[in-house]
Amino acid sequence: MQFNAQQQRAVEFDGGHVLVLAGAGTGKTSTIVGRVVHLLEQGVDPRRILLLTFTRRAAREMRHRLGQQVGPTAKKVPAGTFHNFCLQYLRRWPDLFDCQGLSIIDRDDQLQLMKLARGTVIGKDARFPKAAELANYYSYARNTNRRLQEYLKRFTDHSEEIIQLIENVIDDYSKRKRDCRYFDYDDILYIFARQMHRRKSLREKIQKRYDHLLVDEMQDTNPLQWMILDAMRDPAKLFCVGDDAQSIYAFRGADFRNVHGFADRLPGASTLKLEENYRSTQEILDVANWLLDQSPLGYEKKLHAARGNGEKPIWLQVDDEQDEATTVVEDLLERRDGGANWRDHMILTRTAWAARTVEAGLIQEDIPYRFVGGTALMQSAHIKDLISLLRVADNRSDQLAWIRFLTLWPRVGEKTAASAILEVFKQPNTDAISERLQNRFGANPRLGEAYQQCVGLLDAPAKAIEVAIEKLEPLLEKKFDDWDRRSKDFKLLKKLARDHATVGEFLETYTLDPISESEASQEEQDDLVTLITVHSAKGTEAPVCYLIGVQPGNYPHSRNNGDEDQIEEERRVLYVAMTRAKDSMMITGKVRSHGAYTPYYNQKSLDSGTEIPFFLTDIPNALVESDCQYGATNEFGDELTEDDDDWSGPIMSFRD
DNA sequence: ATCCTGGCATTTTTT
DNA sequence: ATGCCAGGAT
């Protein structure tokens, strides 16, 4: 591996904690991987290096690259997401973390539970924040290590009474969570961080295990994650890499003080920079530079292309989504005819939903693709139905799964299920539950049988799935009219389950790391076009990139109107998208509003005559090859007690 | 009282 | 593709 002087310095750095500021395409991943290789060559035990990333995708990429460099030793270097890392310790020492027998719930379940809590406390009131919003408040407060009340007062404009009610709903949610023996994604980080800060013995035990903590995408870490790093450092040294211009997770509490305040927080820490871009041609970077330059937040960043010049990016205006899909697909086919590989193409979308039309176009032309960030296999209705049986077998307090499982059966609705669940919860063991189910649902003998058999197969997930399929298939076949398409997923599920020792492990793996449907079914093939959300695409690259839906209402996204911080985050999203392209970039978007579909939240601003902001409005014609003169014809217009049961208050730092 | 079906509306980003 | 609601069926 060849490194430039700046990279070399980072790779071989031999001081204390260090922050590496690395612009887009400056070889960030290579540098981290290079650092690991360097440490290994210095004789550092691979198990004493820890690689932490923010997204699963980045973790996978890192492991892959490391594998290419050092072979089998790579497997010995622990590398994963924060969630993944924390969970491993929660599972290794459940007693120390107080989390025996808990199951992880995904966002869907979280929302469902929140809906129940909201219904109990509020009843029906369309004006009160919806479950999704409540879940966001709660999550944001926890990720920024704030009290919910404090967060609501400072960052929302709800009245005192409403804030009180929101707190009541969240309390109810937390109670339900405990009753069902659930923990949500945030709990994984929270429980780990809390115990690390509370229990000195535990902290020292974990601190002793590592010499080097390498963190990727530092700008996306939030205060809760910082608390984890803070508790783990010393003697271990931090090596954090980040770029403030690529911070796009503020909505999850990411705080770029973790980057800007790094040196202040850690006296004696060093800062290094990587500035040379090796990914893109200058023409692509010119557009990205221009975009950032328009920001009031002076990033003082000008990416310079080590590769020199190439083609100008193309910006095409389309009439509608259909036209956009055709434009992209035709260009793909043309390049394919010219000898290009499918895998060299990446289609970037702001929202997963907006990619549907293009996806349809790819299917129609038989272009092989995978959709990263699309509907995960485990989220689809038929899989959830099937899995609900495994869930109740694995965790009999899993209320949401009980509801799902029971209401699958004829003549069992919400009410019947709810009363049956109350009975189930009273039973002392699984045998008693089976018996109870047999009695109560005598008309559906398969219901009780299914439960009993699955409980007996907790150590054989593939067999358990077979039983679930056998018992539930007749019901599901009736429920879904596109059954043929769906049923093939069950085989896949069985295949995935074979690699796991227990049902619990199987469920946990795919809750935390859900694979998308297209990813799962086309695993063998690797010459694929990648359709991907910009958020998932961070850290990746492709020779040819299509940026679709680049239009008012998407960049910035209309839900983020008004607040400057949010708008600037949106700008960075577009910046990230642009800096993925190596050789060619095609930007498409619907600029004219032909009376076409306008989302309701846009309608409001259209009616009020407010202009919808759009980042490319003033782009100089010289920067892009374009079919319009946009500018000319702009139509748009301290220590807690050990037995404290509080799961949501801020964590006090042990360092103060 | 409870369940079921059909029609209508909605769809940010990730762990 | 899924969630929600209204109104008919059991």
Side-chain angles (χ1 to χ4, degrees), chain A residues 52-59 80-87 104-108 110-112 115 119 124 126 130-133 135-136 139-140 142-143 183-190 192 217 220-222 224-225 247-254 348-356 359-360 372-376 379-382 384 406-419 478-482 485-486 508 511-514 516-517 532-539 549 553-561 566 569-570 572-574 576-577 597 599-601:
Chain A
L52 289 176
T53 62
F54 185 70
T55 63
R56 302 185 301 260
R57 212 183 147 69
T81 61
F82 276 88
H83 287 81
N84 212 301
F85 166 77
C86 293
L87 185 65
I104 301 179
I105 51 169
D106 62 13
R107 185 168 163 90
D108 277 2
Q110 222 184 102
L111 290 179
Q112 198 98 22
K115 224 173 278 171
K124 282 187 188 179
K130 296 277 175 303
E133 201 177 343
N136 288 346
S139 177
Y140 192 91
R142 303 184 80 195
N143 278 292
F183 53 169
D184 57 34
Y185 288 139
D186 298 330
D187 287 323
I188 299 173
L189 299 186
Y190 181 79
F192 183 87
E217 309 284 19
D220 290 329
T221 56
N222 57 43
L224 188 53
Q225 288 165 325
S247 166
I248 54 174
Y249 283 100
F251 71 93
R252 274 205 69 233
L348 294 125
T349 173
R350 171 71 237 262
T351 67
W353 179 67
R356 304 196 75 78
E359 188 178 10
V372 183
T375 326
Q379 322 251 70
S380 46
H382 57 299
K384 282 182 134 184
L406 293 173
T407 52
L408 280 177
W409 301 82
R411 315 204 39 77
V412 182
E414 246 171 74
K415 300 283 174 185
T416 315
S419 86
K478 240 188 278 170
K479 178 172 168 181
F480 299 105
D481 40 11
D482 51 352
R485 185 182 65 80
R486 292 174 185 262
E508 188 161 291
T511 316
L512 204 60
D513 193 352
S516 73
E517 281 178 73
I532 192 169
T533 59
V534 180
H535 281 81
S536 316
K538 191 144 60 99
N554 269 352
Y555 297 96
H557 198 274
S558 26
R559 288 180 92 106
N560 292 340
N561 246 336
Q566 285 179 18
E569 170 146 319
E570 296 285 309
R572 295 189 294 265
V573 174
L574 184 55
V576 167
Y597 167 73
Y600 70 99
Y601 40 80

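For the numbers below, each heavy atom of this structure counts, side chains included, while hydrogens, waters and symmetry mates do not. Convention: sequence-line order gives letters A, B, ...; per-chain numbering from 1.
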### Task
Using a heavy-atom cut-off of under 4.0 Å over every strand shown, decide if A:K115 touches base, sugar-phosphate, or nothing.
sugar-phosphate

### Query
B:dT2, C:dT2, B:dT15: which one has an atom nearest the side-chain heavy atoms of A:S380?
C:dT2

### Query
Base, sugar-phosphate, or nothing for A:F251, non-hydrogen atoms under 4.0 angstrom?
base

### Task
Rounded to the nearest angstrom, tell me the gap between atom CZ in A:R142 and atom P in B:dT15.
18 Å

### Query
Within the structure shown, what part of the strands sits under 4.0 Å from A:V412 by heavy-atom distance: base, sugar-phosphate, or nothing?
sugar-phosphate

### Task
Could you state the atom-to-atom distance from CG of A:D108 to P of B:dT15 in whole Å?
14 Å

### Query
Base, sugar-phosphate, or nothing for A:A381, non-hydrogen atoms under 4.0 angstrom?
sugar-phosphate

### Message
Nearest to the side chain of A:R56, heavy atoms from C-beta on, is which of B:dT14, B:dT13, B:dT15?
### Response
B:dT15

### Any donor-acceptor N/O pair under 3.5 Å between B:dT13 base and A:R350 side chain
yes

### Message
Let's test your reading of the model: under 3.5 Å, does the base of B:dT15 pair with the side chain of A:R252 as donor and acceptor?
### Response
yes

### Query
Applying the side chain to side chain contact (heavy atoms under 4.5 Å, CB included) test to A:I105, which of A:T511, A:D187, A:D184 qualifies?
A:D184

### Message
Can you measure A:H535 atom NE2 to B:dT14 atom P for me and round it to whole angstrom units?
### Response
7 Å

### Task
Taking all non-hydrogen atoms of both residues into account, name the closest pair between A:S536 and A:V372 and its distance.
CB-CG1, 4.0 Å

### Task
Step by step, work out the side chain to side chain contact (heavy atoms under 4.5 Å, CB included) result for A:W409 and A:T416.
CA-CA 11 Å; A:W409 301 82; A:T416 315; over 6 Å; no

### Query
Is any side-chain heavy atom of A:H535 closer than 4.5 Å to a side-chain heavy atom of A:V573?
yes

### Query
With a 4.0 Å cut-off on heavy atoms, is A:E569 in touch with a base, just the backbone sugar-phosphate, or nothing at all?
nothing

### Message
Can you identify which nucleotide, out of B:dT15, C:dT2, B:dT2, has its nearest atom closest to the A:R486 side chain?
### Response
C:dT2

### Task
Check every strand shown and say whether A:F82 touches a base, only sugar-phosphate, or nothing at a heavy-atom separation below 4.0 Å.
nothing

### Query
Can you check the A:D481 CG to C:dA1 P distance for me, whole Å?
9 Å

### Task
Keeping the roles fixed (side chain from A:N143, backbone from A:N222), state whether a donor-acceptor pair exists under 3.5 Å.
no

### Task
Looking only at side-chain atoms of A:T533, point me to the closest of C:dA1, C:dC4, B:dT14.
B:dT14

### Message
Is any side-chain heavy atom of A:L224 closer than 4.5 Å to one of A:F82?
### Response
no

### Task
Using atom CH2 of A:W353 as one end and atom C1' of B:dA9 as the other, report the distance to the nearest whole Å.
12 Å

### Message
Over all strands shown, is A:S139 touching base, sugar-phosphate only, or nothing at heavy-atom distances under 4.0 angstrom?
### Response
nothing

## Note on the structure
Result for 5'-nearest mapping on DNA chain C, choosing between A:Q379 and A:K124, is A:Q379

### Task
Let me know, please, whether A:T416 or A:Q110 comes out on the 5' side of the other along DNA chain B by nearest nucleotide.
A:T416

### Summary
A:R107 CZ to B:dT15 P, in whole Å, measures 13 Å

### Message
Does A:R572 reach a base, just sugar-phosphate, or nothing at all? Heavy atoms under 4.0 Å.
### Response
nothing

### Query
To the nearest Å, how far apart are A:H382 NE2 and C:dT2 P?
9 Å

### Message
Pick the closest DNA chain C nucleotide for A:R411 and for A:Q112 by heavy atoms, then say which residue is nearer the 5' end.
### Response
A:Q112

#### Entry: Interatomic distance where NZ belongs to A:K130 and P belongs to B:dT10 [whole Å]
11 Å

### Query
Which residue, A:I248 or A:P410, contacts DNA chain B at a nucleotide closer to its 5' end, judged by nearest heavy atom?
A:P410

### Query
Centres of the A:F192 and A:Y190 rings: under 6.0 Å?
no

### Query
Hey, is the side chain of A:R559 poking within less than 4.0 Å of OP1 or OP2 on B:dT12, counting only N and O atoms?
yes

### Message
As a test of reading the structure: which of B:dT11, C:dA1, B:dT13 is closest to the side chain of A:R485, going by heavy atoms?
### Response
C:dA1

